[in-house]
Amino acid sequence: MVKVFKVGVNGYGTIGKRVADAIVKNPRFQLLGIVKYTPDYSSRIAFKKGINIYVPAEKWSDFESQGIKPKGTIQEFLEESSIIVDASPNGKGAANLPMYKAAGKPAIFQGGEKPEVAELSFSAYCNYDDAVGRKYLRVVSCNTTGILRILCVLHREFTVKRAKVLVIRRGADPKEDARGPINSIKLESIGDVSHHGKDAMLVLPDVKIISQAVVVPTTLMHVQYLDIDLGQPVTKSQVIEALSRYARILLVDPGKTGLDSTSKLTEAARDLLRGRNDIYENIVFENTVIVSENNVSLLQAIHQESIVVPENVDALYAVANIKIPFEKVVEETDRLLGIGGLKDVF
Ligand code: NAD
């Protein structure tokens, strides 16, 4: 009989609510519940959806007075969870770690945490096998996940020597009405490089990855330009064929489909009735794939709100130490989330 692991999600914002829904779709895991800190609209919606809500003991009556009946306290959440997905705001995961350690519970953290929060920074296409059986993993950020999927596929197939990346980062998520910029293109970092390349090198240490990033006034998706040197000459068809074999990478031809912007991609996700308009796949604009001897460059769009959801589910398989091979884990995660289904549409 398949063992079912009870997963608790601490932090129910952009990432937490999506990971919680992905857990509900996966029969290997049971969503124990979520931790909410304020009885706001998303607590109310989660409660209406029948999700168990755990709250800080001192806030119990705040929730009850809003008609939200908590399932338990954070202490009970810690006791009842087999694995915790921490999707708290940047830096709070590190503050939560001692609590997980005291309860003896494994945990999966997000990319807004410093790498030291976990034993390993994780991206499934790169280091799934190394992650199996670990107690604490950190799923790298949305941009780093987008970069690493491409680099690790090409590294597996042809060996990557060096990559330069330009990240054009969305200014805020759609719900974040207090963030910007509103009318500017701003450097992400005042250092010499952005953090994405350094972060990617934690996962892919034998490749030199340099990144720069600017932040732009949009909420829909990031766009990234990758310039990659391989260890051998390749042809464009070899590159396209290699990328096409991985369901989390979707090649889209804007000339054929008209999909030449993040807004049209978002509209397509809406039309396809993807939950929350989520696009779990790297959208590689096929026309931009340029290959010259051992150099490959391309442009891709990354839906920041959902791109890390499959990797969070894979991370659960690794931490739960489920004895099935990497290919089967990814295939299962993808099938349950409907990843790969857009290939027929685009
Ligand atoms: P968010 O602000 O949308 O949600 C965070 C949730 O955590 C909120 O509901 C908040 O109330 C709750 N919270 C507050 N204090 C908490 C605590 N002490 N412990 C647990 N939860 C607490 O944030 P998000 O965008 O979902 O980001 C979560 C993590 O995921 C961050 O590390 C972020 O860098 C990373 N991430 C975000 C995105 C994105 O595009 N939003 C993409 C990839 C990774």
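Keep in mind that this is a model prediction, so the values were computed, not measured. We count ligands from 1, going down the list as the structure has it; atoms in each ligand are counted the same way.
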Do [X] and [Y] sit within salt-bridge range, that is, some charged N less than 4.0 Å from a carboxylate O?
X	Y	value
R28	E332	yes
R138	D199	yes
D173	R179	no

Looking at ligand 1, does any of its N/O atoms fall within less than 3.5 Å of an N/O of R170?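 It does: an N or O of R170 is found under 3.5 Å from an N or O of ligand 1.
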Is the closest N or O pair between V308 and ligand 1 shorter than 3.5 Å?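 Between V308 and ligand 1 (N or O atoms, distance only) the closest approach is not under 3.5 Å.
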If the plane angle is over 60° it's perpendicular, under 30° parallel, otherwise tilted; pick one for F326 and Y125.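 Perpendicular, since the angle between the ring planes exceeds 60°.
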Does the plane of the ring in Y317 sit parallel, tilted or perpendicular to the ring in F29? Use 30° and 60° as the thresholds. perpendicular
Ligand-side contact atoms (ligand 1) for residue partner [X], heavy atom cut-off under 4.0 Å:
X	result
I15	26 (O), 30 (O), 36 (N), 37 (C), 38 (C), 42 (C), 43 (C)
D173	25 (O), 39 (C), 40 (O), 41 (N)
N90	31 (C), 32 (O), 33 (C), 34 (O)

E331: partners by side chain to side chain donor-acceptor pair (under 3.5 Å), with sequence neighbours left out: R335
Which option wins on minimum heavy-atom distance to atom 35 (C) of ligand 1: H222, Q110, R169?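 Shortest heavy-atom distance from atom 35 (C) of ligand 1: Q110.
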Check each of S88, G13, P89, G112 against atom 28 (C) of ligand 1 and report the one with the nearest heavy atom.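 Nearest option to atom 28 (C) of ligand 1, by heavy atoms: S88.
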The single option from H195, Q224, E188 that satisfies side-chain hydrogen bond (donor to acceptor under 3.5 Å, both in side chains) with N143 is Q224
Quick one: look at K92 and ligand 1, take heavy-atom pairs under 4.0 Å, and tell me if it's side chain, backbone, both or neither.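 The side chain, only.
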Just heavy atoms, cut-off under 4.0 Å: does Y37 contact ligand 1 by side chain, backbone, both, or neither?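 Under 4.0 Å from ligand 1, Y37 contributes side-chain atoms alone.
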Below 4.0 angstrom, counting only protein heavy atoms, does anything approach atom 13 (N) of ligand 1?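 Yes, there is one.
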So, for atom 18 (N) of ligand 1, does the protein have a heavy atom nearer than 4.0 Å? yes
